[in-house]
Every structure is written in structure tokens, then in C-alpha cells.
*Asks:* 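Sharing a structure here in C-alpha cells format.
Everything numeric in this text was worked out from a predicted model, so none of it was measured.
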Amino acid sequence: MDEIKRIEQLRKELHEHNYRYYVLNQPTIGDQDFDFMMHELQDLEAKHPEMADPNSPTQRVGSDLNEEFHQVEHKYPMLSLANTYNEQDVADWYESVKKGLAGEDFEVCCEMKYDGLSISLTYVDGKLVQAVTRGDGVHGDDVTANVKTIRSIPLVLTPPATDDLFAAPAYPREFEIRGEILMPWSVFERLNKEREEAEEPLFANPRNAASGTLKSQKSSLVASRQLDAYLYYLLGEELPAEGHFENLEVARSWGFKISEGMKKVKTLQEIYDFINYWDTERKKLPVATDGIVLKVNSLRQQRALGFTAKSPRWAIAYKFKAERVCTRLNEVTYQVGRTGAITPVANMDPVQLAGTTVKRATLNNEDFIKSFDLHIGDYVYVEKGGEIIPKIVGVDIDQRPIIAQPVEFIKRCPECGTPLVRYEGEAAWYCPNDTGCPPQIKGRIEHFIARKAMNIDSLGPETVDDYYRHHLINNIADLYDIDVQQINGDGSRTKSAQRIVNGIAASKEVPFERVVFALGIRFVGETSAKLLARHFKNIDALMNAGLEELQEIEGIGEVMAKSIITYFHNEDNLKIIERLRNYGLQMELSEAQTANVSDKLAGQSVVISGVFAHHSRDEYKAIIEQNGGKNVGSISSKTSFILAGENMGPSKLQKAEKLGIRIISEEEFLELYKFMPISKVIPNPSLRPNKK
């Protein structure tokens with residue numbers, strides 16, 4: 001067999017083995033044999049670059065190159081479903097369907113509501129050509145490269161046998177199939193265990209882990225995380241059947257992973273039976289679920305029922321109530337955050353909750369502990385808020401041991417021993433030793449390098465910890481002393497070391513307002529850093545500002561103002577700032593920023609909605625902020641106006657009309673305020689839209 005034919009044969013066989021292993025759970029060869037075939041294909045493809053195919057099985061390993069996402073408009077809008085938590089709402093929905101169909105008989109397809117990231121997959125001629133996230137329902141991110149690494153998603157569909165009278169219908173030339181990207185419980189727990197051992201922040205739940213993974217700009221990372229996918233809706237002009245359930249059964253035969261838990265029913269009682277069965281059985285599933293989805297099965301009847309402004313009338317989601325368990329509180333430990341905030345953590349007997357083993361839960365603060373009168377040895381009730389983060393919701397006083405002692409909040413920092421302080425109006429206790437407390441030092445460095453601060457993406461928390469332990473860095477200014485030789489180890493990491501040094505050097509061009517944010521001044525967030533930078537225009541004016549002047553700035557209260565003054569009266573902080581200045585960091589607004597600052601939108605709160613022709617959303621946000629306005633995410637009676645592009649969300653339009661909020665088009669906005677050309681606007685580079 002020549003090499004070209006061998007490539008085609010290996011691709012076909014490997015696609016089949018992927019399907020059997022990841023979809024059917026029925027592998028027919030061992031891992032070693034699979035790896036041998038994959039390596040053979042990789043070698044042959046390297047010899048024959050003319051045979052390159054984006055849907056080859058070899059492409060599932062992903063790439064280490066950064067891939068930016070660009071926005072794609074959905075052919076069919078991805079609307080959300082109406083939610084309910086009780087059977088009466090289900091009954092009301094059932095009756096509304098019956099009324100909407102004028103008494104015509106109908107079937108309901110009951111299926112699992114998977115707790116992951118919604119995805120839309122488009123296939124043309126049996127090949128995956130595009131994968132897009134839900135986004136805002138109208139536009140989503142193109143994550144095709146990342147999705148191709150998920151082995152339960154077929155890259156190429158196997159053509160049905162034309163001589164088989166019982167074969168499933170052929171797939172249409174073009175169609176869309178939607179589903180959920182998920183991280184299996186087993187992968188989630190393993191990943192969090194690895195992160196815990198590395199002292200990295202844990203993922204709150206599999207959905208967040210899956211979402212963060214799929215949005216990674218390195219597809220090789222996505223491949224390593226072993227995501228899964230369940231598909232649940234087929235769309236297109238030439239679907240094989242008139243029923244939703246039947247279409248999914250056909251899609252299963254094409255190679256898609258479809259839930260085995262689907263069932264077609266006719267009566268309300270059958271719906272209740274399905275809900276009650278899966279409320280228990282779902283805990284045995286390998287992936288997270290948070291409810292049941294009910295859909296009118298007939299596509300004709302779906303079209304007849306239509307949509308509301310936000311969701312289809314022919315479907316509803318029933319959400320399961322949060323699972324609650326009782327377990328023993330053994331100890332309360334305390335964690336120190338970047339700002340010095342002390343967070344108490346309950347350490348409990350391990351217990352299974354919503355698919356994971358739970359042994360810790362945050363206690364928020366001292367007031368939270370007192371509200372439950374917590375004692376060591378108490379039996380506490382634990383839930384997952386939205387099935388996400390474990391939290392204590394009650395105490396079984398009847399089981400309290402006689403010798404149980406009340407939980408006493410600590411008085412000194414558990415890391416450095418400094419007496420704690422509690423600021424007026426704050427619920428948390430703080431360690432004030434921000435320049436000598438190790439978790440705060442490392443936390444401030446991690447904050448400094450973050451994307452919205454100095455954006456030194458070549459560094460990560462584990463690298464910061466390593467450099468700190470080896471005394472390479474003890475504060476943020478030390479980063480700029482690092483050279484390649486110091487971090488090259490045995491000489492095998494020259495490229496990565498050079499990338500880190502280059503990334504640190506590049507951060508010297510980050511605008512002044514982000515430098516202010518990056519300093520990590522307690523209570524100063526991203527928005528308040530912009531306000532301070534634009535008011536004082538340079539670091540010296542900010543350092544010398546008094547309490548009264550700071551409080552004159554809208555959005556800067558007394559607590560924040562006092563914190564700013566305290567920060568700039570600390571000699572260690574002043575030395576660090578002087579070093580940063582000498583290294584060449586931006587310590588004042590650029591001429592372009594200063595020239596284009598105005599108060600044209602002073603005091604106005606603006607909501608941006610829709611898609612724009614002249615500038616991106618982030619560029620418009622920058623314009624609004626530079627001209628004294630405030631960007632807000634939701635419409636309220638305090639909204640000054642809405643800057644509306646194409647495809648403004650119907651719910652926002654409806655709310656704006658109800659509240660009488662003014663709607664201004666893109667052209668009206670630019671003409672009305674006579675803004676300068678966008679080339680002179682200096683938005684936060686890390687917030688610019690991703691484009692290919």
C-alpha cells in the first residue's frame with residue numbers, strides 16, 4: 001500500500017476508534033496499539049504536507065500557539081430557556097402548550113439538563129467546519145481549534161451504507177447540532193487535586209473548569225483537560241425527521257454522543273415520574289447535571305408555538321433543588337488573601353455532595369460564624385450554592401456535643417503573626433502587614449502580572465511562588481531585575497526564560513491607569529484606578545493627594561481614600577514605586593490620553609448593546625470612560641442612555657421602552673458628541689476584541 005492510501009486508511013480507522021472509545025465506551029484496541037497508529041499517521045503526514053487536513057485525528061492534540069477568538073453570528077439565535085424549580089410551574093407550562101396548540105395532541109421529549117458550556121457545531125459535507133460558543137445568543141466565540149481536541153466530537157462523519165435498507169438517513173449536506181461541553185467529575189477532581197498539591201486556586205465546579213478550559217488560547221491545554229460533549233438539538237433545512245427525539249436518534253447513528261436518558265412522554269404524570277427518577281439517578285452520571293429539559297417533540301408544533309422575547313414557548317427547564325448533606329465540623333482554619341483579608345474555612349468530615357467529595361467550605365467572615373453560633377464538633381448542613389461552591393446553611397443543635405467549644409475568630413495573622421484589624425464598614429478582618437506577610441507578597445505579585453494589570457502572561461502563580469521561594473523576587477519591582485541566566489536553570493529553558501524576560505520588558509508600555517491598578521492598593525479596583533489616573537494624571541500628584549481631594553472624586557469613598565493615603569505613606573511602597581519609575585514604567589497619562597480626555601459624558605451612565613460597524617464595543621467603552629462617562633452592564637432607571645448597535649437584545653429593548661430610557665444609534669452617538677477618531681483612543685489593550 002502506498003503512503004497516501006495508508007494515510008487515508010489510518011485516518012478512517014482512528015476516527016472509528018475514537019468513536020468507539022469516547023462515545024460508545026466500547027474500545028476494540030488497546031491504548032498502545034492506538035498510540036502506534038497515531039504516531040505512524042503523524043510521521044506520514046509530516047512526510048506528505050500536501051495531505052494536510054484540519055480534521056485529521058492528529059489535530060486533536062492541539063497547539064501551543066496562542067489562538068485568539070473572533071466573534072461569529074449564529075445562523076439560528078441561541079436563546080435561553082425559561083427556568084422553574086417546582087412542579088406547579090411545569091404543570092402551568094404543560095397547560096400553556098395545550099392551549100397554544102388548541103387542544104391538539106402532543107408529545108414531550110424529556111432529557112437531562114447538562115451543566116456545562118453551550119456549543120454550536122456546524123458540519124458541511126460530513127466535516128466539522130465551525131464550533132461557536134453561545135455568547136450573547138446572537139454572536140459567540142469561534143472556538144473550532146479547541147473543540148477539535150474533544151475526542152467525543154466527531155471531526156468527520158462516516159457515510160451511511162447505501163446498500164443497507166435499514167441504515168439511518170444520510171446526514172444533510174449542511175446542518176448544525178448543539179450541545180454542552182463538559183468536564184467529567186473524574187477529570188475535575190483529578191485536576192483540582194493537582195492544583196491543590198501545587199497550591200494553585202481550585203476550580204469551583206466542573207462548569208467553570210470546562211468554560212475556562214475551552215476559552216484557553218492554547219488548544220494543547222484544552223486537549224490535556226479531556227473535556228467531553230453531549231449533543232441535544234439538531235437544526236438545518238433538511239432534517240431527517242419531523243420529531244426532535246427522532247432527529248437525535250438519527251444523529252446518534254452519525255457518530256454523535258447523545259444522552260441515553262432521553263424519553264418521549266405524553267402525560268404530565270409521566271413528566272413528573274421522569275423528574276423524580278433522575279433527581280436521584282443523576283448522581284450516578286459521570287458529568288454534572290442540574291435539571292431536566294422538557295421540549296415539545298414535534299418540530300411543526302414547535303414552530304406553531306413560537307418564542308417569547310427571551311425563550312421558546314415549546315420548552316422549559318426544570319432545575320433540581322440544591323442537594324443538602326449533614327457532616328461534622330472538625331476545625332476552622334484561616335487563609336490570607338492578596339489584600340490581607342482573612343477568610344475562615346470549615347474543615348469537615350468528607351461527604352459526597354452533588355457529585356464531588358466535599359471536606360471544606362468557606363465561612364465568609366466572623367459575622368457569618370456568629371450567625372450560626374458555630375461550635376467545633378457541630379453537625380452542619382452543607383449545600384452547593386447553585387451546585388457550585390459548598391456552603392454551610394445550618395446547624396443541627398440537637399447533635400451538638402456537650403463539650404463542644406464555640407469557634408473563636410483568630411486575633412493574629414496565621415502567616416506572619418501580625419495583630420489583625422477590622423476597617424470601618426468592612427465585614428472582614430485584615431492583616432495590615434502587606435509588605436512582610438508571604439501570602440500577601442506573592443498575591444500582590446500575582447495581581448501585578450495579571451491580564452488586566454501589567455499583562456505579563458509569560459508568568460503564572462506557580463512561577464511566582466518558585467521565584468519567591470528561591471529569593472529571586474520579594475516584591476513587584478524585583479521582577480524587572482530578572483535576567484535570562486537567573487531563570488534558565490540547567491540551560492535547557494533558554495526559550496521560555498527569554499519569553500519571560502521579554503514579557504516583563506513589554507509591560508513597561510502598559511498605560512498609567514493600569515499601573516495604578518497593578519500596584520494592588522487595598523480597595524482600589526480596576527474602575528477606581530482609572531478614575532484616579534484620569535483625575536491626577538501622574539503618580540506624583542496621586543501620591544501627594546490629601547483625604548479631602550481624594551473624596552471629591554466620584555466613586556472614591558472615605559475607606560478607599562484612607563487606604564490610598566496609607567499606601568503612599570509606607571516607605572517600602574515609595575521605594576518600590578521609585579524603582580518602577582526608574583525601570584521605565586508609565587507613571588503618567590500619555591499625551592494622547594491627556595489631549596483626548598473631556599467631560600462630555602460626565603455623570604452619565606451608558607449601557608452598550610448590539611453589534612457596531614465603526615468601532616468595537618471595547619473601543620466605545622474606552623471613549624465613554626475617557627469622556628467622563630460610566631459604563632454599566634444592565635439597564636435601570638439610573639441609565640442615561642443606551643448606545644445601540646445592530647441586533648440589540650429584545651429584552652433590553654423592552655426594558656428600555658418600559659423605563660423610557662433614550663436609545664442612541666452608533667451614528668447619532670458619534671455625531672452628537674463629535675468624538676475624535678478612534679486611532680487616538682487608547683483603550684486597555686487586554687480588553688480589545690479578539691480578531692484573527
*Asks:* Nearest heavy-atom pair of Ala644 and Ile663: which atoms, and what distance?
*Replies:*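 Heavy atoms of Ala644 and Ile663 come nearest at CB-CG2, 3.6 Å.
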
*Asks:* Do you know which two heavy atoms are closest between Met454 and Val510, and how far apart they sit?
*Replies:*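 Shortest heavy-atom separation between Met454 and Val510 comes out as O-CG2, 3.5 Å.
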
*Asks:* Does Tyr76 form a side-chain hydrogen bond (donor to acceptor under 3.5 Å, both in side chains) with Arg178? I'd like the steps, not just the answer.
*Replies:* CA-CA 11 Å; Tyr76 309 96; Arg178 292 178 178 173; over 6 Å; no

*Asks:* For Leu101, does its backbone N or O pair with a side-chain atom of Gln301 as donor and acceptor, under 3.5 Å?
*Replies:*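 Between the backbone of Leu101 and the side chain of Gln301 there is no qualifying donor-acceptor contact (under 3.5 Å).
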
*Asks:* Parallel under 30°, tilted from 30 to 60°, perpendicular over 60°: which one fits the rings of Trp314 and Tyr233?
*Replies:*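 The rings of Trp314 and Tyr233 lie parallel, inter-plane angle below 30°.
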
*Asks:* Show the numbers, then the answer: is there a side-chain hydrogen bond (donor to acceptor under 3.5 Å, both in side chains) between Ser120 and Glu176?
*Replies:* CA-CA 7 Å; Ser120 167; Glu176 182 178 335; 2.5 Å; yes

*Asks:* If you compare all heavy atoms of Asn631 against all heavy atoms of Glu625, which two are closest, and at what distance to 0.1 Å?
*Replies:*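 Residues Asn631 and Glu625, closest heavy atoms: ND2-CG, 3.3 Å.
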
*Asks:* Given 3.5 Å as the limit, does a donor-acceptor pair link the side chain of Arg225 with the main chain of Thr213, or not?
*Replies:*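 Judged by distance alone, no pair lies under 3.5 Å.
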
*Asks:* Counting the benzene-type ring for Trp, do Tyr318 and Tyr272 have ring centres under 6.0 Å apart?
*Replies:*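 No, too far apart.
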
*Asks:* Who are the salt bridge (charged side-chain N to carboxylate O under 4.0 Å, His left out) partners of Glu552, not counting sequence neighbours?
*Replies:*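 None.
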
*Asks:* Hey, is Arg514 close enough to Glu526 for a salt bridge, meaning N to O under 4.0 Å?
*Replies:*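 No, Arg514 and Glu526 are not salt-bridged.
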
*Asks:* Would you say the side chains of Glu180 and Tyr232 form a donor-acceptor pair under 3.5 Å?
*Replies:*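 Distance-only check passes for Glu180 and Tyr232.
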
*Asks:* List the steps, then state whether side-chain hydrogen bond (donor to acceptor under 3.5 Å, both in side chains) holds for Glu558 with Gln551.
*Replies:* CA-CA 6 Å; Glu558 182 180 358; Gln551 288 185 260; 4.8 Å; no

*Asks:* Classify the ring geometry of Tyr230 against Tyr114: parallel below 30°, tilted from 30° to 60°, perpendicular beyond 60°.
*Replies:*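 Geometry flag for Tyr114 against Tyr230: parallel rings.
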
*Asks:* Going by the angle between their ring planes, with limits at 30° and 60°, are Tyr620 and Phe669 parallel, tilted or perpendicular?
*Replies:*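 Perpendicular.
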
*Asks:* Looking only at side-chain N and O atoms, does Ser259 offer a donor or acceptor that is under 3.5 Å from a partner on Glu111?
*Replies:*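 No, because no side-chain N or O of Glu111 sits under 3.5 Å from a partner of the opposite role on Ser259.
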
